[in-house]
Protein chains: 4
Amino acid sequence: MESTPTKQKAIFSASLLLFAERGFDATTMPMIAENAKVGAGTIYRYFKNKESLVNELFQQHVNEFLQCIESGLANERDGYRDGFHHIFEGMVTFTKNHPRALGFIKTHSQGAFLTEESRLAYQKLVEFVCTFFREGQKQGVIRNLPENALIAILFGSFMEVYEMIENNYLSLTDELLTGVEESLWAALSRQS
Amino acid sequence: MESTPTKQKAIFSASLLLFAERGFDATTMPMIAENAKVGAGTIYRYFKNKESLVNELFQQHVNEFLQCIESGLANERDGYRDGFHHIFEGMVTFTKNHPRALGFIKTHSQGAFLTEESRLAYQKLVEFVCTFFREGQKQGVIRNLPENALIAILFGSFMEVYEMIENNYLSLTDELLTGVEESLWAALSRQS
Amino acid sequence: MESTPTKQKAIFSASLLLFAERGFDATTMPMIAENAKVGAGTIYRYFKNKESLVNELFQQHVNEFLQCIESGLANERDGYRDGFHHIFEGMVTFTKNHPRALGFIKTHSQGAFLTEESRLAYQKLVEFVCTFFREGQKQGVIRNLPENALIAILFGSFMEVYEMIENNYLSLTDELLTGVEESLWAALSRQS
Amino acid sequence: MESTPTKQKAIFSASLLLFAERGFDATTMPMIAENAKVGAGTIYRYFKNKESLVNELFQQHVNEFLQCIESGLANERDGYRDGFHHIFEGMVTFTKNHPRALGFIKTHSQGAFLTEESRLAYQKLVEFVCTFFREGQKQGVIRNLPENALIAILFGSFMEVYEMIENNYLSLTDELLTGVEESLWAALSRQS
DNA sequence: TATGAATGAGTCTTCATTCAT
DNA sequence: AATGAATGAAGACTCATTCAT
């Protein structure tokens, strides 16, 4: 009844953890096989090769990340600050549902092994947030920095904070999240 | 009379560029040798092995980064905001003097190949900024977030911005720097 | 009431084609399964393993080749030249009834995977023709060359000609066959 | 002083023997390395990969074979039968100077791993003999068979005879060679 | 009986490292 | 001191074979 075979799922999550922890190159296929409790050859029944595996993993998570952000924003039309709140909430939701996934995305988004398709998926994510910022700048509520700088500040901070949480240098509380959200809003918004 | 032999320097800078661009695992010793215009065996006269090489490279640049930050702060006692300005300036100076070095530090700071010593060097860097933030919190000018969150926001943003610059997604101007500094100050400081 | 199951036949003929075309090692069991329109596991119901498969295939075709040659010769007692004609005809008949089989035999007759039994089957084939040549030498109509040399000339030529035909470098006509038969007879027979 | 490094030669001759004996697919790189008394990695200093190795081996020997045949023919203008004698002598010389090489060429000339260049080299060899046959047909001394059939008979026989010799089914004597030459001439020439 | 998902032994190939020159 | 040829351990990947269904 499962649409995705159970072994494929095991390979996927083992990969995610290992790639996030050690990086693409330092992760060996036998490692993945062992962690997924699967024979080494089995991986190749589901993925053409190691590169296919990272790329599928990357795209799936980037797309889901984008979904989380979009879905928060889609169903309402309050003020811009609320919009930001929903985006932030989407990011938080994603990280909660997919531990390590953000770290994986961060450390692999520049990899030479990424296909054009993977790069485009990431680009779409960036584009979405850019559009949101552009709108904010038009409304005069977002700082007059290049969009890429705004993205870098938002994502750079958020990812680093989450890496700290996942490495237990920081503990995940509502208070922390609220604080970080406010801090980032301050970083991005025009001071009144 | 040169303390550091010229070949060693060549190996060092070739390594930095390659590690920053491709990562530790994807960089081969022959690659380094070729870019440094040196025989492959020569590297081993100056470094015990590949791990020694990254670690020495990492420590040297982390230490220099710390120096840049410290030196800005050391010779004055103006207000706290000025202190932050000096730190930021130190960070900028470092990236200007050592192109790619910040990218290298960022992408390698979680590497499994880092020795305890390297980790401590990085820790010292973090510690220094933490101390600065703690002081600011005592003075009531810095947000009441965990120090590690503050660090994550400062470094995460800054490194991401610099990666964008080095990949030509953003062009380095004084205006940009001023803007980013203000943004980060807003992120870290208590709103009045 | 079929003595040989239909699936086994499918496996046999798929194997023959693939082995002839690509060789034993370059042919994979999944390939055979696919071409035979059979599950990979099914092959193992009929053959112990890949080596069994080639060996059975080899023996069956070598034996049938021998039969073709023998049957031509058996039922008559005309002159020696007629005997040669019947042998040649038998060889032609075999290649017509079993396309690719001669190519398969040729390219696999030295394989390390052949069992003693397979080698003996091939030996028996050779022996039969040797006997025929020995008789001819006794009668003074066949050249005084070592039997193995005569075999080499007859089989070597014939197989090469058939390979050319099967690869479309040569088209199969009665004229060609007559010409080749005459040529080979000239090669083997004592010139008057 | 050696133009070709000694290790490369060792790899070459070990390869030739193994490929001739077992075939391309059944020969492993470690096997070659061991027989050449060389580390496995060393092979890759001299040859890009296994396919490069066979192809270089193939081309070199095919070219040398052609040379042997051509050189015999080049420096004289006696009768056509003498020309054939020189070709045959060239073939014999080649097999003497390069044991196993002819077997290697024979069993690998249809390989899927051969590059276009290798195929062309083989084609050139065939072409040369074809031209010789065509000339003979014009003079009315060679049978009126398709050139490819003549080639198949000449090469098929010769290669098979040599395989027998190298497998000790036949012992190499002048008498044998003279006998085979006469036999093949009878196969190819128009009977008077 | 038939299947094909799963396995892991065995390939080719790369690359950190050594060492004779 | 400097080199780069040589090595072999280790990684990605294939495929004969098994076995639960």
Side-chain angles (χ1 to χ4, degrees), chain A residues 5-8 10-11 25-34 36-53, chain B residues 5-8 10-11 24-34 36-53 113, chain C residues 5-8 10-11 24-34 36-53 113, chain D residues 5-8 10-11 25-34 36-53:
Chain A
T6 158
K7 302 248 167 188
Q8 181 170 9
I11 295 166
D25 291 299
T27 302
T28 71
M29 296 301 265
M31 267 178 202
I32 295 173
E34 194 185 9
K37 295 195 166 111
V38 145
T42 304
I43 301 177
Y44 293 87
R45 182 163 291 280
Y46 295 104
F47 304 94
K48 192 173 170 282
N49 52 32
K50 199 182 174 187
E51 296 212 347
S52 281
L53 176 52
Chain B
T6 158
K7 301 239 169 192
Q8 181 169 9
I11 294 166
F24 176 72
D25 291 294
T27 302
T28 70
M29 296 299 266
M31 265 177 203
I32 296 173
E34 193 187 10
K37 294 193 166 103
V38 147
T42 306
I43 301 177
Y44 291 84
R45 188 156 296 281
Y46 296 104
F47 304 94
K48 188 171 170 276
N49 53 31
K50 199 183 176 188
E51 297 212 346
S52 282
L53 174 54
F113 42 78
Chain C
T6 159
K7 301 238 171 194
Q8 182 170 7
I11 295 166
F24 176 72
D25 292 294
T27 302
T28 70
M29 295 299 265
M31 265 178 203
I32 296 173
E34 193 188 8
K37 294 192 165 101
V38 146
T42 304
I43 301 178
Y44 290 85
R45 187 158 296 282
Y46 296 103
F47 303 94
K48 190 172 169 272
N49 53 31
K50 198 184 177 189
E51 297 213 346
S52 282
L53 175 53
F113 43 78
Chain D
T6 159
K7 302 245 167 192
Q8 181 170 8
I11 295 166
D25 291 299
T27 302
T28 70
M29 295 302 265
M31 266 179 204
I32 296 174
E34 195 186 7
K37 295 195 166 112
V38 146
T42 304
I43 301 176
Y44 292 86
R45 181 164 292 283
Y46 295 103
F47 303 95
K48 194 173 167 280
N49 53 32
K50 200 184 174 186
E51 297 213 346
S52 281
L53 176 53

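Just so it is clear: chains get the letters A, B, ... in the order the sequence lines come, proteins before strands, and each one is counted from 1.
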Rounded to the nearest Å, what distance is computed from the [atom1] atom of residue [X] to the [atom2] atom of nucleotide [N]?
| X | N | atom1 | atom2 | value |
| --- | --- | --- | --- | --- |
| D:Phe47 | E:dC12 | CZ | C1' | 16 Å |
| C:Ile11 | E:dA2 | CD1 | C1' | 11 Å |
| A:Asp25 | F:dA10 | CG | C1' | 15 Å |
| B:Lys7 | F:dG4 | NZ | C1' | 13 Å |
| A:Ile32 | F:dC13 | CD1 | P | 10 Å |
| D:Met29 | F:dA10 | CE | C1' | 17 Å |
| C:Leu53 | F:dC15 | CG | P | 16 Å |
| C:Phe24 | F:dC15 | CZ | P | 13 Å |

Euclidean distance, [Y] [atom2] relative to [X] [atom1], rounded to 0.5 Å:
| X | Y | atom1 | atom2 | answer |
| --- | --- | --- | --- | --- |
| D:Leu53 | D:Asn49 | CG | CG | 9.0 Å |
| B:Gln8 | B:Thr42 | CD | OG1 | 12.0 Å |
| A:Tyr46 | A:Ser52 | OH | OG | 15.5 Å |

Does a nitrogen or oxygen in the side chain of [X] sit under 4.0 Å from OP1 or OP2 of [N]?
| X | N | result |
| --- | --- | --- |
| C:Lys50 | F:dC15 | no |
| A:Lys48 | F:dC13 | no |
| A:Thr28 | F:dG11 | no |

task: Identify whether any heavy atom of A:Tyr46 sits under 4.0 Å from a base atom; if not, whether one sits that close to sugar-phosphate; answer base, sugar-phosphate or nothing.
output: sugar-phosphate

message: Under 4.0 Å, heavy atoms only, any strand: does B:Ser52 hit a base, just the sugar-phosphate, or nothing?
response: nothing

message: Can you work out whether B:Arg45 or C:Tyr44 has the more 5'-proximal nearest nucleotide on DNA chain F?
response: B:Arg45

- prompt: Pick the nucleotide of DNA chain F nearest each of D:Thr42 and B:Thr42; which residue has the one closer to the 5' end?
  reply: B:Thr42

Proximal nucleotide (of E:dT13, F:dC13, E:dG4) relative to the A:Asn49 side chain: F:dC13

query: Between D:Glu51 and A:Ile43, who's closer to the 5' end of DNA chain E by nearest nucleotide?
result: A:Ile43

query: Considering heavy-atom distances to DNA chain E, does D:Thr27 or B:Ala26 have its closest nucleotide positioned more toward the 5' end?
result: D:Thr27

What does [N] pair with, Watson-Crick or G-U, if both distances are under 3.5 Å?
| N | answer |
| --- | --- |
| F:dT21 | E:dA2 |
| E:dG8 | F:dC15 |
| E:dT14 | F:dA9 |

- request: Indicate the atoms forming the closest heavy-atom contact of A:Ala36 with A:Ala10, along with that distance.
  value: CB-O, 3.6 Å

Exercise: identify the closest heavy-atom pair between A:Ala33 and A:Ala40: CB-CA, 3.7 Å

query: C:Phe24 ring centre to C:Lys50 NZ or CZ under 6.0 Å, with the angle to the axis within 45°?
result: yes

